[in-house]
*Asks:* 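Have a look at this one.
Every chain is numbered from 1, with letters handed out A, B, ... down the list of sequences. Hydrogens, waters and symmetry mates are skipped; everything else that's a heavy atom, side chains included, is used.
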Amino acid sequence: MVTQALLILLILTCLSLLGSSRLSAYIRIVALQGLLLGALTLAVHAKSLSTDIVLLALGSTIIKSLVVPRMLARAIREADVRTAARPFLGYGGSLVAGMLLLPVALWLGWHLTLPHPVAGGLVVPVSLYAMFIGLFLIAGRQQALTQILGYLVLENGIYAFGVALLVDYPLWVELAILLDLLGAVLVMGVILFDINRDFDHIDTSRLSALKD
Amino acid sequence: MTWIFAAMAVWSLLGLAPLAARSARRAGDFGIAVTLLGAALAAVPVVLTLAGRPPAAFSHPWAVPYGSLAFALDGLSAFFMVPLLLLTSLGAIFGWKYWQHEDGPIGPTWLFYNLLIASMVAVLCARNGVLFLVAWETMALVSFFLVTSHAGDVEVRKAGWIYLIATHLGSVFLLPMFVTLGQAGTSLDFDHLAAPGTLAPATAAIVFVLAVLGFGSKAGFLPMHVWLPEAHPAAPSPVSAVMSGVMIKLGIYGILRVLLLLGAPAAWWGWLLVGIGLASGVFGVLMALAQHDLKRLLAYSSVENIGIIAMGIGVGIIGLASGQTLVAILGFAGALWHVVNHALFKGLLFLGAGAIQHATGTRQLDRLGGLLKTMPRTGVAVLVGSAAISGLPPLNGFASEFAIFLGALVGATTPSRSGLAGLLVVAAGLALIGGLATACFAKAFGVVFLGVPRSDAVEGAHDPGAAMLWPLGILAGTCALLGLGAPLLLPALLPAISLLTGLPAAMASAQLHFLWRSLIAVEATILILAILFFALYAVRSRWLAARPVSRAVTWDCGFGGATARMQYSSAAFAMPLISAFSAVVASHGEVTGLSALFPREGSWSGHSGDIFKAALSRGFGALQRILRRFRRLQNGNLQVYVLYIALTMLVLLVWKLGI
Amino acid sequence: MPIALLHFALALVLSPMLLSLTHRTKAFFAGRQGAPWLQPYFELGRLLRKGAVFSTTTSWVFQVAPALGLAAAMAALTLLPFAGHRAIIAFPGDLLLFSGLLALWRFAAILAALDTGSSLEGMGASREAALSALGEPALILALGAIARQTGQLSLSGMLPALTVQTWNQAWPVLALLLVTLALVYLAENGRVPFDDPTTHLELTMIHEVMILDSSGPDLAFIEYAAALKLWILGALMAAILAPVSPLPEAPALLLALAGMAGVAIATGVTESVMARSRLNRLPKVLGTASILVAVALLLIQR
């Protein structure tokens, strides 16, 4: 039941990402997702808790809900962008689209045959859903920063998927991905900062002007 | 069938009489006599069939290939005949005086009006594909002439062309549909088409989709609805009432008839109709809300109501496909009933719009206001229509939406069928459409009839004469009657429902009893409502009669200089909802003149475009660019045309001999 | 039936008390003593004894609407089960009539507001129409989800069918439904964050601004109908919040009343800690309410 509640909250955070317009709100929501995922790791493995799992939960929570959000917050402070994530599809439209993606994710998640036993009925669909939303954010939003956030949500989905598999080794894979991500965000942060310094904006739809 | 043939002969042959009349007055007298005589003749078999008489049929060989001259009147046809005969008769009574004030000859208008009735009856009774298409096309052509009866106006001509193109595009799908059906059978007689249920699923699916496209374009399904908001405002009010109230319903009839011909439906047909209905309903009512022209508003609202009917049919099909007969019966019952109800209140509102235009010379909402004081009777009738179309209890709109809702709810709570829980979409959709329709018609009635006049167009407005008031009154009364007497009317639905669900009448009747019981309880609650209302109102009036009651200006915050133009306008009223749905309603507002620190005069103009119309016109533009290349072929040179003919003959000959 | 009538009478008597409870809660948070407990009754009584002033612009619509609104609210009350007991009238699909009667109340209120020809009242009417159009699907969806969960077709069947067991089995679903109903409750009753009932005139955005020209018994009818609406929508939440099903009559009634009090106090707390939201954000909030139920519905599919 706790697992289910955490997963529902995860769905709601995904939907609220689609509906909000402030970058700081995005960052807070993604941080909250990190916290939820940490709790989810513990909840799913509550019966067979080991040091590894506690460490993973702790580590991922720290990185996902403290380190990365801090860095992003710093990035938007320095790039001086607060709002205006200017979506291609309006916020209401995004919400409706997000709503339509949910049954798709549920259907896929429930019909996917996996090589390993999975925890609960909802974990796989919700992790798929988080991936969808991450991709949706990357595809549907214009700012470089929201694209990074979309990438983070995508990673959160992958993480939840790893948690769902009730075997040990994906955890290490997961940790590696996490570190990759950290590096990626660092690099993007630096690039973002540089783009902003050089071009006075971080609007990706205008960056294609550089393609020649 | 004799009665029907007699009626059709009256409408089409005696219908020529108005042409010979010397004065407009006499033409009107002839016209209305023909309409009413025909309706009286046709009403006899309709009543008999609905009372349970076995369907009448007539078949005679004719020279046209693929079948015989076949007519029949079964439960489904008879059911659709009811609103047809009622509304066309009342429209004629309204038009009798309405058209007298027209300039130009009204003889042709009356002829086309009666021909329209005859062709619609022919569509309902035709039992042969070729005959059906001929009747269908006659109906389209005759109504085209009615739409363009004010052909002097450029806008009207444009609307007429849009209508003609749209209706023919629809027919394009019907021909292959009948051919596909006929190929599997022996002829195009409906009795000799492929027997119901024998078609391969893929073929049946193709036929169904063609029917939805072809008949849907007449009914006004999204996105083929674009002709409605053009044609309805352009036509004279009695014609708009008949077109919107009855003619577009023949599209619904067509879909139901094809369902009968196809036999057992697949579940996805139902979901398709639910989806189309939901989209049409929500989009239609939002666009209606955004309109400033009363008749355009009503036209978009027809799209909404067609959406509700489509949802009902969808629920019915889903019920049939999943074996839940109760769901099927409730869905079809709601849809059929809404067909009648919409004919009643939309007819009422279009005639009311005619009366308003007649009295004030305008249909622009923001030029009207305060009409309830000058046109009290029209006002009451339009108020009843507005409440009914918003689906408010105790009127008829609520009763039919209730049936569809109940069907969706019963389906959604069926424990063994988890997929049917999706039917709650219908419930939520009906609620959303109902809420938006309430907003829309509260706006329309409020802006037109309440407050104070917004322009001098309203000055001197008065209720129309008895001949125009009576149809309004009768329609308003029927709306109330069909709401309050809803349980009594269920038996009239029985023949059509037992056809559509394939159940014997006794079984369908037993299932319909479920709806009957709920409706009785609804009426009991309404009774409580009425008692409470009259008691409260009486108490209050009694108290106030003994106390100081004074009159003062509307509270203006002490400003003292409030003018009629400061009232909330129709655009302002709709703004919150329109901006909330800006993704589907392309609304633009432009402010001009407000520049300096103390601006004197400013103006605002708003416009809400139809995104589908824009998309379609882009599509047609692209098509035109492609087709322009072929224009060289059509150069007006006679010799070249002869050459074409010769070449075609040659090619045909070679093809025929070669294979 | 006698118990249903008793509940009906109880609602008629106690509904203004909900207002009082909310006011008192707000007073507590503001460190004030607050108005007397019976203040809403005093106000209604005073208005009922007064004469009236009608705007010269208005027609009979304005005079009929308040009585019709109150009658509709009372008729909706006859469909409402309370304390696990069936309502006076119950039948399959009564939820649509329930929401239809609320819509009738609203239609009357909107027309009465437009009848005055005042721009302020037109503004209120427009916003009322907009918010309720978006609130209605959320309400129907939430009730439909309860119907799906319990397998019952009428309000009197589905609300008492919610038990502690249901919470155990499907508490995330019930929690989502509760949030949705709370949003609908706040929006329909014009409470913070949708509207601020304590301000007057143009500062108020929706409900209060629609009744600027109402006076005397008519105003009393309107205010009383508003109190009944608090009760009606609050009772839906209380039925989920405090499921009473297996309990005998008397404790069930006490628990249900406690649930109602809880809803009223929660309203007061919400109003104390939140500000009114910007108007153009409200459609999104109500849209979210529908989305929450949709999520809940998808979850009970499995």
Side-chain angles (χ1 to χ4, degrees), chain B residues 372-373 387 390-393 398 402 405-406 409-410 412-413 415 418 421 424 427-428 431-432 434-436 438-439 442 445-446 450-452 517-518 521-522 524-525 528-529 532-533 536-537 540 543-544 547-557 566-568 572-573 575-577 579-580, chain C residues 51-57 59 61 64 67-68 70-72 74-75 78-79 89 91-93 96-97 99-101 103-104 106-107 110-111 114-119 122-123 126-127 129-130 132-134 136-137 140-141 144 147-148 151 153 201 212-213 216-218 221 280 283 290 297 301:
Chain B
L372 192 58
K373 294 195 190 68
S390 308
L392 294 177
F398 176 78
F402 179 79
F405 174 83
L406 194 56
L409 193 67
V410 169
T413 49
S418 62
L424 280 180
L432 179 63
L436 292 171
T438 310
F445 181 79
L450 302 177
V452 289
R517 281 215 322 263
S518 276
V522 169
T525 319
I528 294 180
L529 172 78
L532 285 170
F533 166 66
L536 286 169
Y537 189 71
R540 162 210 178 272
W543 281 341
L544 284 184
R547 292 180 195 166
V549 172
S550 55
R551 290 245 162 204
V553 292
T554 295
W555 172 241
D556 53 6
C557 306
M566 289 180 189
Q567 291 179 95
Y568 234 50
F573 189 91
M575 199 282 280
L577 277 170
S579 65
Chain C
V53 181
F54 293 112
S55 156
T56 44
T57 311
S59 60
V61 170
V64 166
L68 183 60
L70 182 53
M74 286 163 83
T78 62
L79 298 173
I89 297 177
F91 57 91
L96 191 74
L97 182 60
S99 108
L101 286 167
L104 182 65
R106 200 180 298 133
F107 189 69
I110 291 171
L111 288 189
L114 288 174
D115 200 15
T116 62
S118 149
S119 47
M123 190 182 298
S126 150
R127 291 165 176 180
S132 51
L134 296 169
E136 217 170 305
I140 285 288
L141 255 185
R148 168 90 193 145
L153 294 172
L201 283 188
L212 282 177
D213 273 283
D218 283 350
F221 283 2
N280 55 5
S290 292
L297 266 171
Q301 276 322 292

*Asks:* For the candidates B:Asp556, B:Leu536, B:Val452, B:Leu532, which exhibits the highest count of non-hydrogen atom pairs separated by less than 4.5 Å from chain C?
*Replies:*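 Option with the greatest count: B:Leu536.
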
*Asks:* What part of B:Leu544 gets within 4.5 angstrom of chain C, counting heavy atoms only: side chain, backbone, both, or neither?
*Replies:*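 Just its side chain gets close to chain C.
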
*Asks:* How far apart are the closest heavy atoms of B:Ala580 and C:Pro283, and which atoms are they?
*Replies:* CB-CB, 3.7 Å

*Asks:* Got a second to check how far B:Thr525's OG1 is from C:Leu79's CG, nearest 0.5 Å?
*Replies:*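 With rounding to 0.5 Å, OG1 (B:Thr525) is 5.0 Å from CG (C:Leu79).
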
*Asks:* Count the heavy-atom pairs under 4.5 Å between each of B:Phe445, B:Tyr537, B:Phe405 and chain C, then report the option with the highest count.
*Replies:*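 Highest number of pairs under 4.5 Å: B:Phe405.
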
*Asks:* Let's test your reading of the structure: which of C:Ala129, C:Gly93, C:Ala72 forms the most heavy-atom pairs below 4.5 Å with chain B?
*Replies:*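 When all of C:Ala129, C:Gly93, C:Ala72 are compared, C:Gly93 has the most.
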
*Asks:* Is chain B contacted by the side chain of C:Ser132, its backbone, both, or neither, given a heavy-atom distance below 4.5 Å?
*Replies:*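 Nothing of C:Ser132, per the 4.5 Å heavy-atom cut-off to chain B.
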
*Asks:* Pick whichever of C:Gly151, C:Ser290, C:Ser118, C:Ser99 has the most heavy-atom pairs under 4.5 Å with chain B.
*Replies:*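 Highest number of pairs under 4.5 Å: C:Ser118.
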
*Asks:* Under 4.5 Å heavy-atom distance to chain C, tell me which part of B:Ser579 shows up: side chain, backbone, both or neither.
*Replies:* neither

*Asks:* Go through C:Gly216, C:Gly144, C:Pro137 and name the one with the most non-hydrogen pairs under 4.5 angstrom from chain B.
*Replies:*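 Highest number of heavy-atom pairs under 4.5 Å: C:Pro137.
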
*Asks:* To the nearest 0.5 angstrom, please state how far the CG atom of C:Leu134 sits from the CG atom of B:Leu577.
*Replies:* 6.0 Å

*Asks:* With a 4.5 angstrom heavy-atom cut-off, which part of C:Ile110 approaches chain B: side chain, backbone, both or neither?
*Replies:*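 Side chain only.
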
*Asks:* What are the two closest non-hydrogen atoms of C:Ser119 and B:Met566, and how far apart are they?
*Replies:*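 For C:Ser119 versus B:Met566, the nearest heavy atoms are CB-O, 2.9 Å.
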
*Asks:* Do you know which of C:Gly100, C:Ala103, C:Ala130, C:Ala75 has the most heavy-atom pairs under 4.5 Å to chain B?
*Replies:*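 Heavy-atom pairs under 4.5 Å are most numerous for C:Ala130.
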
*Asks:* Which residue out of C:Leu96, C:Val53, C:Leu114 racks up the most heavy-atom pairs below 4.5 Å with chain B?
*Replies:*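 Winner by heavy-atom pair count: C:Leu96.
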
*Asks:* Identify the two heavy atoms, one from B:Ala431 and one from C:Ile140, that lie closest to each other, and give their separation to 0.1 Å.
*Replies:* CB-CG1, 3.6 Å

*Asks:* Less than 4.5 Å to any heavy atom of chain B: does that hold for the side chain of C:Ile89, its backbone, both, or neither?
*Replies:* side chain

*Asks:* Locate the shortest heavy-atom distance separating B:Arg547 from C:Pro217; write the atom from each residue and the value.
*Replies:*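 Looking at all heavy atoms of both residues, the shortest contact is NH1-CG, 3.8 Å.
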
*Asks:* Do the non-hydrogen side-chain atoms of C:Val64 and B:Phe533 ever get within less than 4.5 Å of each other?
*Replies:*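 Of all side-chain heavy-atom pairs linking B:Phe533 with C:Val64, at least one is under 4.5 Å.
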
*Asks:* Side chains of B:Leu409 and C:Pro92, heavy atoms from C-beta outward: is any pair under 4.5 Å?
*Replies:* no

*Asks:* If you round to the nearest 0.5 Å, how far is CG of C:Leu153 from CG of B:Leu406?
*Replies:* 7.0 Å

*Asks:* Could you work out, with salt bridge (Lys or Arg N to Asp or Glu O under 4.0 Å) as the rule, every residue matching C:Asp218, not counting sequence neighbours?
*Replies:* B:Arg540

*Asks:* For B:Phe398, give me all partners under ring-ring contact (aromatic ring centres under 6.0 Å, His included), at least two apart in sequence or on another chain.
*Replies:*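 Testing B:Phe398 for ring-ring contact (aromatic ring centres under 6.0 Å, His included), a comparison that skips the adjacent residues, returns B:Phe402.
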
*Asks:* Specify the closest pair of heavy atoms between C:Ser55 and B:Thr554, including all atoms of both residues, with the distance to one decimal.
*Replies:* OG-OG1, 2.6 Å

*Asks:* Counting heavy-atom pairs under 4.5 Å with chain C, which one of B:Thr438, B:Val522, B:Val410, B:Leu436 comes out on top?
*Replies:* B:Val522

*Asks:* Measure the spacing between CH2 of B:Trp555 and OG1 of C:Thr116 and express it to the nearest 0.5 Å.
*Replies:* 13.0 Å

*Asks:* Where do C:Phe91 and B:Ala521 come nearest, in terms of heavy atoms and distance?
*Replies:* CD2-CB, 3.1 Å

*Asks:* Between CD1 of B:Ile528 and OG1 of C:Thr78, what distance do you get to the nearest 0.5 Å?
*Replies:*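 So the gap between those two atoms works out to 4.5 Å.
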
*Asks:* Please determine whether side chain to side chain contact (heavy atoms under 4.5 Å, CB included) holds for the pair B:Leu372 and C:Asp115, giving the CA-CA distance in whole Å, both sets of side-chain angles, and the decisive distance to 0.1 Å.
*Replies:* CA-CA 10 Å; B:Leu372 192 58; C:Asp115 200 15; 5.6 Å; no

*Asks:* Which bit of B:Ala442 comes within less than 4.5 Å of chain C, counting heavy atoms only: side chain, backbone, both or neither?
*Replies:* both

*Asks:* Measure the spacing between OG1 of C:Thr57 and CG of B:Leu450 and express it to the nearest 0.5 Å.
*Replies:*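 The OG1 atom of C:Thr57 sits 11.0 Å away from the CG atom of B:Leu450.
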
*Asks:* If you count heavy-atom pairs under 4.5 Å with chain C, which of B:Ser518, B:Pro576, B:Ala439 comes out on top?
*Replies:*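 Winner by heavy-atom pair count: B:Ser518.
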
